[in-house]
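Note sheet for the following structure.
The figures here come from the full heavy-atom set of this structure, side chains too, leaving out hydrogens, waters and symmetry mates. All residue numbers refer to positions in the sequence shown, counting from 1.
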Amino acid sequence: MTTESDTSVVPSGETLEKMTQNLKKVEELSERLQRVLVNKQGHNPALDGPNQELFGRAAQAYWAEMVNNPAKIVEHQMSYWADTMKHFVDAQHTLSKGKIAAPQNPGPSDRRFSNPLWDTHPYFNYIKQQYLINAEALSNAVEGVTHLDPIEKNRLSYFAKQIIDMMSPTNFLATNPDALEKAIETEGQSLVQGLENLISDLEANRGEMVVRLADEKAFELGKNIATTPGKVVYRNRMMELVQYEPTTEEVYRTPVIIYPPWINKYYILDLKPQNSLVKWLVEQGHTVFIVSWVNPDPTYRDIGMEDYIKDGYLAALREVKEITGEKQVNAVGYCIAGTTLALTLSLLKQQGDKSIKSATFFTALTDFSDQGEFTPFLTDDFIDGIEAEIDDKGVLPSVIMARTFSFLRSNDLIYGPAIKSYMMGQTPPAFDLLYWNGDGANLPGKMARQYLRGLCQRNELADGGFELMGHKLKLSDVTVPICAVACETDHIAAWKDSYRGIQQMGSKDKTFVMTESGHIAGIVNPPTKNKYGHYTNSDMKLDYKDWQSSADFHEGSWWPLWGNWLKKRSGRKVKARIPGDSTHPVLCEAPGTYVALKATL
């Protein structure tokens with residue numbers, strides 16, 4: 001396949017026979033595939049892409065551009081035609097030499113095209129270069145559309161990129177040298193195993209196409225993931241409250257409550273001992289509690305943000321104060337749980353309740369005025385589709401959210417893993433972070449509506465107030481000491497948007513930290529790894545660009561910085577506390593029962 005003299009990848013007669021036998025197994029698997037597709041549960045089609053109005057408006061804008069500025073359109077077209085013709089002529093010239101040789105210009109590098117054959121073999125190189133020419137032409141065409149609303153332009157660019165990524169030749173067996181070589185090497189077994197993997201993923205998600213990213217058999221909760229010793233000391237319909245066992249003789253007086261996001265499971269902060277923030281906090285001498293949210297089923301359709309606050313945040317506050325005998329706690333909110341922590345702080349402020357001594361926000365958005373990469377998913381047609389899905393199922397299924405987040409990084413989270421699993425028959429890696437990523441949770445119908453319409457679309461918390469529980473909750477009511485941690489390359493909660501929300505809070509004691517890396521790796525960043533650094537700047541009156549340009553960079557994890565900040569707000573030391581008390585008997589061992597509930601309908 002590489003040169004005329006290289007026959008190492010040419011199949012022998014025996015190999016072809018074995019390949020034929022393996023491929024016959026495909027017929028046996030086809031019945032399973034047919035059953036999955038026939039019984040596919042499905043979802044509202046509006047969640048698959050924009051309605052036709054977007055493409056209609058794009059076509060009108062393109063036509064208007066052609067009428068008003070025909071030279072620009074012709075220039076785009078001529079450039080594309082010229083590149084394509086030159087490419088064809090170069091390929092013909094190479095073939096006319098009568099031998100297979102590497103092109104003089106193999107084209108730009110792209111990690112999807114790491115196999116040497118993409119550069120050295122005329123067939124694969126021709127396909128690669130033409131794909132890149134097509135991709136550039138489509139991107140330029142979209143970029144050149146000027147008579148279109150900025151939000152619509154953003155959506156058009158997003159969906160154009162999705163088409164470009166989807167049409168990559170690496171995504172098709174006939175034009176993927178890695179997959180073809182693997183099929184020959186394994187005598188077709190890789191294709192059989194790939195089909196097995198595909199069917200298994202479809203069966204696991206009731207026919208929905210969600211690529212499995214990690215080997216689920218490699219992990220067991222409480223055994224090699226979520227292993228920090230602790231006890232469940234309280235349970236209600238919304239959450240289990242876990243109290244961790246102390247590892248120091250004395251602990252700081254003020255306990256810590258962690259509110260993790262309920263889109264996924266809490267053990268993102270307790271993956272394994274080497275990177276567990278929970279374990280690290282316990283070792284620093286804190287009494288640590290964490291909320292483990294229930295995984296809602298359709299009976300939770302009428303559960304709203306108010307229920308998460310009342311039976312989650314306030315219930316945990318009440319129980320922790322009773323167990324420890326303290327009047328105040330230090331609270332931590334991660335992602336959507338940080339957003340809701342801000343709502344809770346506003347509510348407590350208006351009620352005159354000082355139960356929360358300080359608040360820490362991990363990658364939390366409270367000002368949604370700039371929707372960034374989520375713009376395509378926050379327009380009316382998409383949210384209308386979500387609401388139709390909610391009306392049908394009672395919850396927003398985890399599989400829909402997982403797919404949405406994955407498409408923001410489609411090459412890394414969809415196509416790359418799909419190629420390895422379905423074309424090359426590889427078992428997904430035993431990677432704890434990816435295992436957690438696939439262990440999602442549903443969202444209650446009412447809560448999803450409130451969050452998407454009131455907070456994301458209308459930005460009510462930052463713009464006038466969010467009506468909830470008989471109160472108008474505002475950022476200016478958040479007056480406790482604040483430490484906020486955002487991540488530089490976060491594609492879910494952009495650091496500049498997190499910064500803007502913290503700026504609007506009423507607290508006079510604010511610390512803002514921007515850590516390197518993304519939404520998860522930037523937070524799960526233990527000091528022992530010394531992997532990602534972080535930025536600090538005490539002047540939060542600055543625009544985010546000026547804040548960043550004048551910030552101080554620090555090597556290594558932000559955990560010690562936050563640990564010192566938290567220690568100053570945790571009071572004196574007291575004797576270490578054993579989980580529970582006489583009125584809070586131990587219900588079970590950590591990680592509890594709610595965390596094991598899978599997202600099913």
Legend entry - Distance-minimising heavy-atom pair for Thr360 and Phe362: CG2-CE2, 3.4 Å
Inset, instruction - For Tyr259 and Gly312, work out which heavy atoms get closest and say how close. - result: CE2-O, 4.1 Å
Inset, instruction - Taking all non-hydrogen atoms of both residues into account, name the closest pair between Ile268 and Val524 and its distance. - result: O-CG2, 3.6 Å
Inset, instruction - Please name the pair of heavy atoms, one in Leu341 and one in Ala331, separated by the smallest distance, quoted to 0.1 Å. - result: CD1-CB, 4.0 Å
Legend entry - Modelled atom types, side-chain donor and acceptor of His554 and Thr536, under 3.5 Å: yes
Inset, instruction - In plain terms, say whether Arg453 and Glu387 are close enough for a salt bridge, that is, a side-chain N and a carboxylate O under 4.0 Å apart. - result: yes
Legend entry - Distance-only polar pair, side chains of Glu240 and Thr593, donor-acceptor under 3.5 Å: yes
Legend entry - Nearest non-hydrogen partners of Met540 and Asn537, listed with the distance: CG-O, 4.4 Å
Legend entry - Residues Asp391, Arg301: salt bridge by 4.0 Å N-O rule: no
Legend entry - Flag for Tyr252-Arg569: side-chain donor and acceptor within less than 3.5 Å: no
Legend entry - Electrostatic pair Lys446-Asp307, nearest N-O below 4.0 angstrom: no
Inset, instruction - For this output row, return yes or no: ring centroids of Tyr535 and Phe553 closer than 6.0 angstrom. - result: yes
Legend entry - Test item: side-chain donor near acceptor, Ser570 and Arg253, under 3.5 Å: no
Legend entry - Side-chain ion pair, Asp497 and Arg500, N-O less than 4.0 Å: yes
Inset, instruction - Classify the side-chain pair Ser398/Asn442 by whether it contains a donor and acceptor separated by less than 3.5 Å. - result: no
Legend entry - Exam field: side chain Ser507 to backbone Val480, donor-acceptor pair closer than 3.5 Å: yes
Legend entry - Pair Ser355, Lys321: side-chain N/O donor-acceptor within cut-off below 3.5 Å: yes
Inset, instruction - Establish, yes or no, whether a centroid distance under 6.0 Å links the rings of Trp547 and Trp495. - result: yes
Inset, instruction - Give the intermediate values and the outcome of ring pair (Phe, Tyr, Trp, His ring centres under 6.0 Å) for residues Tyr313 and Tyr308. - result: CA-CA 7 Å; Tyr313 288 74; Tyr308 278 90; 8.2 Å; no
Legend entry - Heavy-atom neighbours of Lys531 NZ exceed 12 at 6.0 Å: no
Inset, instruction - For Tyr267 and Asp439, test the side chains for any donor-to-acceptor distance below 3.5 angstrom and give the result as yes or no. - result: yes
Legend entry - ring pair (Phe, Tyr, Trp, His ring centres under 6.0 Å) assessment of Tyr334 paired with Trp262: CA-CA 10 Å; Tyr334 192 171; Trp262 50 86; over 10 Å; no
Inset, instruction - Fit a plane to each ring of Trp562 and Trp280, take the angle between them on a 0 to 90° scale, and name the class: parallel (under 30°), tilted (30 to 60°) or perpendicular (over 60°). - result: parallel
Inset, instruction - Would you check if the distance from the ring center of Trp293 to the ring center of Tyr594 is below 6.0 Å? - result: no
Inset, instruction - Keeping the roles fixed (side chain from Lys265, backbone from Leu597), state whether a donor-acceptor pair exists under 3.5 Å. - result: yes
Inset, instruction - Report yes if the side chains of Val320 and Ile323 come closer than 4.5 Å at any heavy-atom pair, otherwise no. - result: no
Inset, instruction - Considering non-hydrogen atoms only, spot the tightest contact between Leu443 and Met401 and give its length. - result: CD1-SD, 3.3 Å
Inset, instruction - Give the C-alpha distance, both sets of side-chain angles, the deciding distance and a yes or no for salt bridge (charged side-chain N to carboxylate O under 4.0 Å, His left out) between Asp311 and Arg237. - result: CA-CA 8 Å; Asp311 293 330; Arg237 64 173 183 159; 2.9 Å; yes
Inset, instruction - Would you check if there is a donor-acceptor pair between the side chains of Asp367 and Gln503 at a distance under 3.5 Å? - result: no
